[in-house]
Amino acid sequence: MTTKITWLGHSTFQLEMAGKTILIDPFFEGNPVAHSSADDVRADVIIVTHGHGDHVGDTVSIAKRTGALVISNFEIVTWLQSQGVENAHPMHIGGSHAFDFGTVKLTIAHHGSSLPDGSNGGNPTGVILKTTDGNVYFAGDTGLFSDMKLIGEEELAVAVIPVGDNFTMGPDDSIRATQFLQPRTVIPCHYNTWPLIEQNMDDWSKRIAAETSARPAVLKIGESFPL
Ligand code: NI
Ligand code: MN
C-alpha cells in the first residue's frame with residue numbers, strides 16, 4: 001500500500017499508511033491558512049513534535065473525539081493526560097518504538113516547547129517515521145544543526161523541513177539542512193501562515209534543485225505527495 005503525505009497547512013501533515021491516518025502537529029483552530037476543521041478531520045494516530053500552540057494545536061479535541069493514539073515526548077504526554085486524553089504513548093529523544101503502522105523515532109530539534117498554559121513541554125523533537133515505503137523525517141520547528149548529517153544516514157525518502165525563518169530555519173539554512181539530510185524529496189513547511197514567515201517558494205525550489213541532490217516538492221494546502 002502506498003504511503004501518502006498531505007499538507008494541511010503550516011506544519012500540519014496527514015499521512016495515510018498501513019490503513020491508518022496519522023496527523024502530525026494538527027493545528028486548525030486559529031490557523032489562518034487551514035482548509036480543514038478539527039471537528040471533522042480523521043485520525044487514528046496524532047504525533048506532536050513540541051508544545052507550542054501552533055503544533056499541539058487541536059490535539060486534545062481531536063484525540064477526545066476520535067480516540068486517536070497520541071505520541072509525543074514524556075512531558076507533553078503527561079500534560080495531554082491532565083487535559084483528559086486517555087490514549088497516549090510517551091517517548092523521548094533518541095528512542096524508537098515499533099507501532100502497528102510503522103516505527104517512530106524522536107530526534108533532537110533546537111527550539112522551545114512550552115505548552116499553551118505555560119506548562120513544561122520538555123524538549124522539542126523531530127520525528128523519523130519508518131514506513132514500508134521509506135523513511136520520512138519531520139524536522140519540527142528547529143534551527144539548522146550539524147547532526148542532521150546523522151539523521152541523513154537513515155536513508156530518507158522524504159524530509160519535511162521548516163523554511164519560514166524568524167522562528168525556525170529560513171531558506172538559506174534549509175538548503176544546508178537538505179545537503180546534510182540528503183533526502184530523495186524535500187517538502188517545505190512552516191511558511192506563509194503569517195506575514196512574518198512569508199517566503200517565495202519558486203526561488204526556494206530553484207535553489208534546492210541547483211544546490212542539493214534532493215527534489216523539491218512544494219505542496220499546495222490539501223495537496224498530497226505519494227511516497
Ligand atoms: Ni514552535
Ligand atoms: Mn511553530
Side-chain angles (χ1 to χ4, degrees), residues 5-15 22-36 38 41 43 46-63 70-80 83 90-93 104 106-129 136-145 147-148 151 158-174 177-178 181 186-199 201 204 218-219 221:
I5 305 174
T6 305
W7 189 40
L8 300 181
H10 199 54
S11 287
T12 307
F13 287 85
Q14 181 186 64
L15 284 95
I22 292 122
L23 285 179
I24 313 279
D25 289 349
F27 171 46
F28 304 106
E29 203 66 42
N31 177 349
V33 299
H35 298 180
S36 319
V41 74
I46 301 170
I47 303 176
V48 179
T49 61
H50 66 287
H52 290 163
D54 56 324
H55 297 261
V56 168
D58 302 292
T59 296
V60 171
S61 69
I62 298 169
V70 185
I71 301 166
S72 192
N73 75 23
F74 176 82
E75 290 83 357
I76 292 171
V77 162
T78 302
W79 181 81
L80 290 168
Q83 306 290 306
M91 296 183 64
H92 234 304
I93 292 165
V104 174
L106 296 189
T107 70
I108 61 168
H110 289 302
H111 193 67
S113 187
S114 56
L115 286 153
D117 64 1
S119 298
N120 172 23
N123 286 313
T125 66
V127 178
I128 300 171
L129 197 48
V136 183
Y137 169 57
F138 293 89
D141 281 6
T142 186
L144 179 68
F145 54 92
D147 280 358
M148 284 179 172
I151 296 171
V158 174
V160 178
I161 60 174
V163 303
D165 220 339
N166 192 78
F167 299 112
T168 67
M169 289 189 286
D172 287 345
D173 282 349
S174 78
T178 305
L181 294 165
V186 58
I187 297 176
C189 70
H190 215 276
Y191 68 93
N192 292 4
T193 316
W194 300 284
L196 192 55
I197 55 174
E198 262 173 28
Q199 298 297 337
M201 300 316 289
W204 181 84
V218 177
L219 303 179
I221 293 170

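Since we're looking at a predicted model, the values are computed, not measured. Whatever order the structure lists ligands and atoms in, that order sets their numbers, starting from 1. We use all heavy atoms of the structure for the numbers below, so side chains are in, but hydrogens, waters and symmetry mates are not. Each residue takes its place number in the sequence, starting with 1.
For a distance bound of 2.8 Å, the N, O or S atoms of His55 include one lying that close to the Mn ion (ligand 2). For the Mn ion (ligand 2), the set of nearby N, O or S atoms under 2.8 Å includes one belonging to His190.
A donor-acceptor pair shorter than 3.5 Å cannot be found between the side chains of Asn192 and His10. For the residue pair Trp79 / Asp117, a side-chain donor-acceptor distance below 3.5 Å is found, with atom types taken as modelled. The closest side-chain donor-acceptor pair between His52 and Asp141, if any, does not fall under 3.5 angstrom.
For the Ni ion (ligand 1), protein N, O or S atoms closer than 2.8 Å were enumerated as His50 NE2, His52 ND1, His111 NE2, Asp141 OD2, with waters left out.
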Determine, step by step, whether His190 and Asp54 satisfy the side-chain hydrogen bond (donor to acceptor under 3.5 Å, both in side chains) criterion, reporting the C-alpha distance in whole Å, the side-chain angles of both residues, the deciding distance to 0.1 Å, and the verdict.
CA-CA 10 Å; His190 215 276; Asp54 56 324; 3.3 Å; yes

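Checked against the 6.0 Å centroid criterion, the rings of Phe138 and Trp7 do not qualify as a close aromatic pair.
Between Asp25 and the options Cys189, Ser11, Ser72, a side chain to side chain contact (heavy atoms under 4.5 Å, CB included) holds for only Ser11. Tested against Met91, the residues Val104, Val127, Ile47 include a single side chain to side chain contact (heavy atoms under 4.5 Å, CB included) partner, Val104.
The Mn ion (ligand 2) lies at the vertex of an angle of 170° between the OD2 atom of Asp141 and the OD2 atom of Asp54 (rounded to 10°).
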